[in-house]
Amino acid sequence: MAGKRKRGEGTVRLRKDGRWEGRVVVGYDEAGNPKTKNVLAKTKKECVEKLEQLKEQCDGHRPTQVRPDMPFGVWMDYWYQNFSKPRLRPTTQLGYEGWIYNHLIPGLGSIQLNRLTQADLQQFFRTMKESGRKSNAEKRGKGMADRSVRSCHAVCQMALDKAVEERLIYRNPAVEEKLIHSNPAAGCRLPPIKGREMQVLTQEEMRRFLIQAKAEGMYELFLLDLTTGMRRGELLALRWDDLDFATGKLRIDKQICPVGGKLIVSEPKTKAANRTIILPPAMVEVLAEYKKGIFSDLMFPSRVKPEQPIDPGYVRKRLQIILKRAGCKSVRFHDLRHTFATMSLENGMDVKTLSTIIGHVSSATTLNTYTHVTDEMRQKAAVNIDRGIAGVEAAMTGNEEKAACSEPEFTPVQPARRRPGTGYVKQIKENLWEGRYSPVWPDGKKHSRNVYGHTEAGCEEKLAELILQMKAEIAALRSGASTEYPDGVSPKKKAIAAYLRENPGVTNKAKIARDLNMDRTTVQRYYDEIRAELRGEESPALRA
């Protein structure tokens, strides 16, 4: 006897007219009654196949019966998948999923939706504040930050607001005869909002920071950020096409977001973030000189994989290392943006212009963010007025002007290890130095070249020229503009590459082998790899 079909798989039965009918639930109406679709067939096997096809047409989605007594955890999943997730950005999705599946569902998921009370939520958020941390508890403590608790509450409240809208949550106050919808999350007491302390670099700290950044090969990246106040994702998504060297106009219309271990290019979050700014001439000159050593469409590509942008996490780590070596206080990358905004306001830029440059939605956002700066500007204005009218020398308490003095010399700390993509130099004899660069070529292998000099400085100079030359050759190979491979690549592979370059329409490997007088197995070994390189794609060896 055939076993009973599992819940959600649908039903299959033999009708009185001799045909087989399959039926599956595809949804529920407002009253919670199921909506079904059916298929008909002459045989049971054919009916089952048609039923599976019907379920696939419904995207394989197992419908959820929305009703007031459904578990809160089921409602949270249903609300997120159907109402929230489709309109969220990938990075925001990760945050919502963390609050829902790591906290709300494990903590409150078994309670019926219409029996969830404010007391349940208040106890949950209190426990979350005291001992809700799921990772790094030994380092950061068991309790969660106030900001995290408030974020989780915001997600919970949005889901319950939707439940109220769908008339799934009710209460019956004594003073009212009709049912009134109520959200139990609305009255929860949460930790107070604490603004993050804004830190900015002083003029002296910026000078040391940029000197150290230059020694570590990240001068242009950090200088551009301090010059424009761009967000980290916006900065790393820049391409050379976005910059007009003639006018200095820089277009900002995308950003890099790390999602699930991958870097995704997405549009900015708001319309105001899509903007065009004008760079100072000095900054344009720096970028023009920097571009000579970059063989990528990206303005700041990875040194290891030029076709990919630098990872935002790597930039964050390098920032802290450079700040420490430069003797500066530890600040976040976003604080470089605050540094730019603070300098701009202190030097007389109006709030409206600054708001446009940094991509704020409105001038009110800029004013609220940099209230401390505008207050100081008003105090300075009052002092200047006092000096002009009364002729009295006034000075603000605690902010006396210092006598001009020469800036102390700063010698950058040389990193213990050379940064990636710069090769290496070593002394092999008393008056002989060797430099070597070993990049990964489009064939997926490393091919090295050496230079020699009588002094370390001379060898470094020759090595820099060699690196530029090899980067240009690699870029030409990736774009298909050249098939000249470096020494060390199989001569047979070179011959096949040259043949395919001249005869792009030939795909028969046996014909290629006959024309080149070599084994077919040799052609098979290199064919796919060379085709990918000629198309400008990544080598299969690298993808593996």
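By convention here, the first residue in the shown sequence is residue 1. Bear in mind that the values here come from a model prediction, so they are computed numbers and not experimental data.
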**Fill in**
Hits for side-chain hydrogen bond (donor to acceptor under 3.5 Å, both in side chains) against E220, two or more places apart or cross-chain, chain-then-number order -> none
**Message:** Checking W99 now: which residues fulfil ring-ring contact (aromatic ring centres under 6.0 Å, His included) with it, not counting sequence neighbours?
**Reply:** H103
**Distance (rounded to the nearest 0.5 Å) between K511 NZ and L516 CG** = 10.0 Å
**Message:** Do R303 and Y314 have side chains that approach each other closer than 4.5 Å (heavy atoms only, starting at C-beta)?
**Reply:** yes
**Asked** Under the ring-ring contact (aromatic ring centres under 6.0 Å, His included) test, which residues partner F209, sequence neighbours left out?
**Response** F222
**Complete:** One should read off an interatomic distance between M518 CE and R514 CZ, to the nearest 0.5 angstrom, of 13.5 Å
**Message:** Counting C-beta onward and ignoring hydrogens, is there a side-chain heavy-atom pair between R436 and R449 closer than 4.5 Å?
**Reply:** no
**Asked** Should R231 and F333 be marked as a side-chain contact (heavy atoms from CB on, under 4.5 Å) after you check the CA-CA gap, both sets of side-chain angles, and the distance that decides it?
**Response** CA-CA 8 Å; R231 301 174 179 91; F333 190 95; over 6 Å; no
**Prompt:** Nearest heavy-atom pair of L51 and G22: which atoms, and what distance?
**Reply:** CD1-C, 3.9 Å
**Request:** For I294 and W240, run side-chain contact (heavy atoms from CB on, under 4.5 Å): C-alpha distance rounded to whole Å, both residues' side-chain angles, the deciding distance at 0.1 Å, then the answer.
**Result:** CA-CA 10 Å; I294 302 298; W240 291 114; 3.8 Å; yes
**Message:** Between E434 and K429, does any NZ, NE, NH1 or NH2 come within less than 4.0 Å of an OD or OE carboxylate oxygen?
**Reply:** no
**Beyond-backbone contact of W79 with I100, side-chain heavy atoms, under 4.5 angstrom** = yes
**salt bridge (Lys or Arg N to Asp or Glu O under 4.0 Å) between E21 and R23, worked out** = CA-CA 7 Å; E21 179 187 32; R23 186 176 295 272; 2.6 Å; yes
**Request:** With sequence neighbours left out, write down each residue that passes side-chain contact (heavy atoms from CB on, under 4.5 Å) with T228, or none if nothing qualifies.
**Result:** L224, M230, I277, L279
**Request:** Taking R520 for its side chain and K509 for its backbone only, find out whether a donor-acceptor pair lies under 3.5 Å.
**Result:** no
**Item:** Under 3.5 Å donor-acceptor, W75 side chain and G109 backbone
**Value:** no
Identify all side-chain donor-acceptor contacts of residues 251-265 below 3.5 Å with residues at least two apart in sequence or on another chain.
unit_1: R251; atom_1: NE; unit_2: D253; atom_2: OD2; d: 3.2
unit_1: R251; atom_1: NH2; unit_2: D242; atom_2: OD1; d: 2.8
unit_1: K254; atom_1: NZ; unit_2: D242; atom_2: OD1; d: 3.2
unit_1: K254; atom_1: NZ; unit_2: D242; atom_2: OD2; d: 2.8

**Request:** Using the test side-chain hydrogen bond (donor to acceptor under 3.5 Å, both in side chains), find all partners of K42 that sit at least two apart in sequence or belong to another chain.
**Result:** none
**Prompt:** Rounded to the nearest 0.5 Å, how far does NZ of K317 lie from CG of L319?
**Reply:** 13.0 Å
**Non-hydrogen side-chain atoms of R316 and R332 separated by less than 4.5 Å** = no
**Message:** So, using salt bridge (Lys or Arg N to Asp or Glu O under 4.0 Å) as the criterion, who are the partners of R15 when residues are at least two apart?
**Reply:** D17
**Prompt:** Do R89 and S266 have side chains that get closer than 4.5 Å, going by heavy atoms?
**Reply:** yes
**Complete:** Rounded to the nearest 0.5 angstrom, the CD1-OG1 distance for I512 and T507 is 7.5 Å
**Asked** What closest approach, in Å, do I310 and L236 show between heavy atoms, and which atom pair accounts for it?
**Response** O-CD1, 3.5 Å
**Complete:** Smallest heavy-atom separation, G293 atom then L468 atom, equals CA-CD2, 3.4 Å
**Request:** Answer whether the closest heavy-atom distance between the side chains of L336 and L201 falls below 4.5 Å.
**Result:** yes
**Asked** If only atom types and distance count, is the side chain of R337 paired as donor or acceptor with the main-chain N or O of I358 below 3.5 Å?
**Response** yes
**Request:** Quick one: list whatever passes ring-ring contact (aromatic ring centres under 6.0 Å, His included) with Y499, sequence neighbours left out.
**Result:** none
**Request:** For the pair L226 and L210, evaluate side-chain contact (heavy atoms from CB on, under 4.5 Å) and give the outcome as yes or no after the intermediate values.
**Result:** CA-CA 10 Å; L226 286 169; L210 290 175; 4.0 Å; yes
**Message:** Main chain of P306, side chain of S296: is a donor-acceptor contact present, judged purely on distance under 3.5 Å?
**Reply:** yes
**Polar side-chain atom of Q469 near backbone of A472 as donor-acceptor pair, under 3.5 Å** = no
**Complete:** Rounded to the nearest 0.5 angstrom, the OG-CZ distance for S148 and R133 is 6.5 Å
**Request:** Could you walk me through whether D519 and T522 pass the side chain to side chain donor-acceptor pair (under 3.5 Å) test, one step at a time?
**Result:** CA-CA 5 Å; D519 294 337; T522 303; 4.6 Å; no
**Prompt:** Do Y290 side-chain atoms and M299 backbone N/O form a donor-acceptor pair below 3.5 Å?
**Reply:** yes
**Prompt:** Between F245 and L287, which heavy-atom pair has the shortest distance, and what is it?
**Reply:** CE2-C, 4.1 Å
**Request:** Check ring-ring contact (aromatic ring centres under 6.0 Å, His included) between H360 and all other residues, then give those that pass, not counting sequence neighbours.
**Result:** none
Validation: residues 90-97 side-chain donor-acceptor distances under 3.5 Å, sequence neighbours left out:
unit_1: Q93; atom_1: NE2; unit_2: K85; atom_2: O; d: 3.3
unit_1: Q93; atom_1: NE2; unit_2: L88; atom_2: O; d: 3.2
unit_1: E97; atom_1: OE2; unit_2: Y80; atom_2: OH; d: 2.7

**Request:** Evaluate salt bridge (Lys or Arg N to Asp or Glu O under 4.0 Å) for E216 paired with R325, printing each intermediate quantity in order.
**Result:** CA-CA 11 Å; E216 306 211 13; R325 289 174 176 170; 2.6 Å; yes
**Request:** Just do the side-chain contact (heavy atoms from CB on, under 4.5 Å) check on L243 and L238 with the steps written out, would you?
**Result:** CA-CA 9 Å; L243 175 61; L238 289 176; over 6 Å; no
**Request:** Indicate the atoms forming the closest heavy-atom contact of P312 with R232, along with that distance.
**Result:** O-NH1, 3.2 Å
**Request:** Check the side chains of Y101 and D77 for a donor-acceptor pair under 3.5 angstrom, ignoring hydrogens and angles.
**Result:** yes
**Complete:** Those residues at least two apart in sequence (or on a different chain) that pass side-chain hydrogen bond (donor to acceptor under 3.5 Å, both in side chains) with S330 are Q320
**Asked** Checking N503 side chain against G505 main chain: does a donor-acceptor pair fall under 3.5 Å?
**Response** no
**Request:** Show your reasoning for whether salt bridge (Lys or Arg N to Asp or Glu O under 4.0 Å) applies to E49 and K44.
**Result:** CA-CA 9 Å; E49 292 176 353; K44 182 178 181 180; over 6 Å; no
**Asked** Taking the side chain as C-beta and beyond, is there a heavy-atom pair between Y78 and F83 under 4.5 Å?
**Response** yes
**Asked** Got a second to check how far R13's CZ is from N38's CG, nearest 0.5 Å?
**Response** 9.0 Å
Show me the donor-acceptor pairs within less than 3.5 Å that the side chains of residues 456-465 make with the rest of the protein, sequence neighbours left out.
unit_1: E460; atom_1: OE1; unit_2: R418; atom_2: NH2; d: 3.2
unit_1: E460; atom_1: OE2; unit_2: R418; atom_2: NH1; d: 2.8
unit_1: K462; atom_1: NZ; unit_2: Y452; atom_2: O; d: 2.9

**Asked** Below 4.5 Å, heavy atoms only, C-beta onward: do M283 and V286 meet side chain to side chain?
**Response** yes
**Fill in**
When every non-hydrogen atom of P301 is compared with those of L298, the smallest separation belongs to CD-O, 3.6 Å
